[in-house]
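A short worksheet on the structure shown next.
Residue numbers run from 1 in the order of the sequence given. Atoms within a ligand are numbered from 1 in the order they appear, just like the ligands themselves. For the numbers below, each heavy atom of this structure counts, side chains included, while hydrogens, waters and symmetry mates do not.
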Amino acid sequence: MTALQSVAVIGAGAWGTALATVAARAGRSVTLWARNAEHAARIALSRDNPRLPGVRLASEIVVTGELALAARADMLLIATPAQHLRGAVNMLAPHLARPVPIVACAKGIEHGTHKFMTDVIAEAAPHAQPAILSGPSFADDVARGLPTAVTLAANDEALARALVQALGSPTFRPYHSTDIRGVEIGGAAKNVLAIAVGIAVGRKLGASAQAALTTRGFAELTRLGRALGARSETLTGLSGLGDLILTCASPQSRNFALGLALGRGEQPPAGKLAEGEFTAPVLIELAASQNIELPVSEAVAAILSGRSTIDAAISGLMTRPFKAEE
Ligand SMILES: NC(=O)C1=CN([C@@H]2O[C@H](COP(=O)(O)OP(=O)(O)OC[C@H]3O[C@@H](n4cnc5c(N)ncnc54)[C@H](OP(=O)(O)O)[C@@H]3O)[C@@H](O)[C@H]2O)C=CC1
Ligand SMILES: O=C(CO)COP(=O)(O)O
């Protein structure tokens, strides 16, 4: 029996909707909050969210545009885009009557501040207990009940375990951790690296290049992670290597799909959130502040900002001085 009986999900996009389904399957009483009251009412009535088409929301899930109602839950999941997480928690904070766990479910780093998601939560809701959920998990797979495993980290191991108990089910398997930073770095960096691999695939550079870029991308993720105090088992775990493998190998990923379109010289898919686009510049700034080199991520940032062509970036990566593998 978990003490965390009720769950509210803030942000009714693809991921928020999938997570509401996860929590309902785990037996929690669930509220899904959408910022647009009209959207909330439409989803509540139709039981279908256009952001996650084809998934029928269980009748027990309460869909609302009323934040005060959502804020009464025993635990909250924030599933907005990373750059909007602070705004969402700022709005939520005045409604919180007790120090509840707030789980960041977005993958990214805040522009301007270089803060990770749980740091933003700690600032915006100082009495809350921040946690992070991340790992290889496409919203569509998760919502359809396909088997998924993720990492769920909180500073306090007992809290991480309680959150796992509250959300876990036979189709959704969270592993608990106390390495918040390690989990956050994996989720943020893999989106940038998936754009790189998508570009290579779109450019028809071959399966060998795809494997090389994914592997050297993992070296970047690991280098930055170590510098910021992440544990190696987290970096090689579900939220690090696991999510990198998923995102760098599947056109189902919006980040990979963005890269694919760029590599083919096509227009990127319209209206699809690719967090790596927003994370790339801030990841580079963060790495520079730590004197860490991230050549693949730097190439992605340069291509996205128009500072480099794709061909120049590929040539630049391949003609770097030879070095030891590390
Ligand atoms: N989709 C996936 O498979 C997964 C996504 N994630 C992560 O989850 C996060 C959200 O992604 P996803 O759900 O896919 O994105 P979507 O584009 O599907 O949805 C984003 C949602 O956030 C809402 N939103 C935007 N700004 C705010 C705000 N200020 N306050 C409240 N709600 C807001 C949007 O509302 P509106 O509809 O009104 O625009 C929209 O419903 C990203 O960081 C992503 O990396 C993580 C794992 C899997
Ligand atoms: O984070 C995800 C899978 O773990 C979703 O990937 P995309 O955001 O690239 O679609």
Side-chain angles (χ1 to χ4, degrees), residues 8-22 32-43 49-53 55 63-65 67 70 76-93 103-110 116-117 120 124 132-144 146 148-152 172 174 183-184 186-198 238-261 268-279:
V9 182
I10 305 300
W15 193 219
T17 305
L19 288 169
T21 302
V22 160
L32 175 61
W33 179 81
R35 64 173 167 173
N36 181 314
E38 260 176 53
H39 288 176
R42 209 173 311 134
I43 298 167
N49 184 347
R51 292 224 181 244
L52 193 61
V55 170
V63 188
T64 183
L67 200 50
L76 291 120
L77 308 181
I78 313 291
T80 64
Q83 304 307 324
H84 295 284
L85 184 133
R86 185 184 291 274
V89 180
N90 274 339
M91 282 197 294
L92 182 66
V103 186
C105 302
K107 296 176 178 174
I109 306 169
E110 193 177 49
F116 286 93
M117 298 294 100
V120 174
I132 175 102
L133 182 155
S134 193
S137 48
F138 287 131
D140 193 60
D141 295 352
V142 170
R144 289 194 294 133
L146 300 180
T148 319
V150 299
T151 311
L152 211 170
F172 188 77
V183 174
E184 291 178 309
K190 67 88 191 176
N191 283 333
V192 179
L193 299 165
I195 296 175
V197 178
L238 290 161
S239 58
L241 182 59
D243 211 356
L244 185 75
I245 290 173
L246 176 76
T247 321
C248 290
S250 170
Q252 199 177 333
S253 154
R254 296 161 298 182
N255 288 284
F256 183 94
L258 168 63
L260 205 57
K272 294 274 182 194
L273 173 72
E275 285 282 25
E277 191 178 352
F278 304 101
T279 306

Atom indices of ligand 1, in the order listed, that fall short of 4.0 Å to a heavy atom of [X]:
X	value
W33	31 (C)
A12	41 (O)
C105	7 (C), 8 (O), 46 (C)
F138	3 (O)

Reference residue V183; test side chain to side chain contact (heavy atoms under 4.5 Å, CB included); the match among L133, V150, T151, L238:
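For V183, the side chain to side chain contact (heavy atoms under 4.5 Å, CB included) test succeeds with only one of L133, V150, T151, L238, which is T151.
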In V120, L85, V103, the residue satisfying side chain to side chain contact (heavy atoms under 4.5 Å, CB included) with I78 is L85
Return the minimal non-hydrogen interatomic distance between [X] and [Y], and the atom names on each side.
X	Y	answer
A14	L52	O-CD2, 3.6 Å
S134	S239	O-CB, 3.7 Å
A8	A70	CB-O, 3.2 Å

To which protein heavy atom is [atom] closest, and what is the distance rounded to 0.1 Å?
atom	result
atom 10 (C) of ligand 1	A79 O, 3.5 Å
atom 18 (O) of ligand 1	A14 N, 2.9 Å
atom 38 (O) of ligand 1	R35 NE, 3.0 Å
atom 8 (O) of ligand 2	R254 NH2, 2.9 Å
atom 8 (O) of ligand 1	W15 CD1, 3.3 Å
atom 19 (O) of ligand 1	G13 CA, 3.2 Å
atom 43 (O) of ligand 1	E275 OE2, 2.6 Å
atom 2 (C) of ligand 1	R254 NH2, 3.5 Å
atom 29 (N) of ligand 1	H84 CB, 3.5 Å

Contact (N/O only, under 3.5 Å) between [X] and ligand 1:
X	value
R51	yes
G11	no
A139	yes

Quick one: does [X] get a heavy atom under 4.0 Å from ligand 2?
X	result
G135	yes
K190	yes
E275	no
A194	no

Does T21 reach the side chain of V142, with side-chain heavy atoms less than 4.5 Å apart?
no
At under 4.0 Å between heavy atoms, is it the side chain or the backbone of P136 that contacts ligand 2, or both, or neither?
backbone
Relative to ligand 2, is D243 under 4.0 angstrom through side chain, backbone, both or neither, heavy atoms considered?
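Looking at D243 and ligand 2, just side chain atoms fall under 4.0 Å.
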Quick one: which of L85, T247, T80 has a heavy atom closest to atom 33 (C) of ligand 1?
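It is T80 whose heavy atom sits nearest to atom 33 (C) of ligand 1.
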When you measure from atom 22 (O) of ligand 1 to each heavy atom in A106, P81, S137, A104, which option holds the nearest one?
P81
Under a 3.5 Å distance rule, please check whether [X] uses its side chain to pair with a backbone N or O of [Y] as donor and acceptor.
X	Y	value
Q83	I109	yes
R254	A274	no
K107	A189	no
E275	A82	yes
W33	V9	no

For [X], atoms of ligand 2 separated by under 4.0 Å from a heavy atom:
X	value
N255	7 (P), 8 (O), 9 (O)
T247	9 (O)
K107	1 (O), 2 (C), 3 (C), 4 (O)
S253	7 (P), 9 (O), 10 (O)
L246	3 (C), 4 (O)

Test side-chain hydrogen bond (donor to acceptor under 3.5 Å, both in side chains) on N49 and T17; report intermediate values, then the result.
CA-CA 8 Å; N49 184 347; T17 305; 2.8 Å; yes
Value for CG (L32) from CG (L19), rounded to nearest 0.5 Å, stands at 9.5 Å
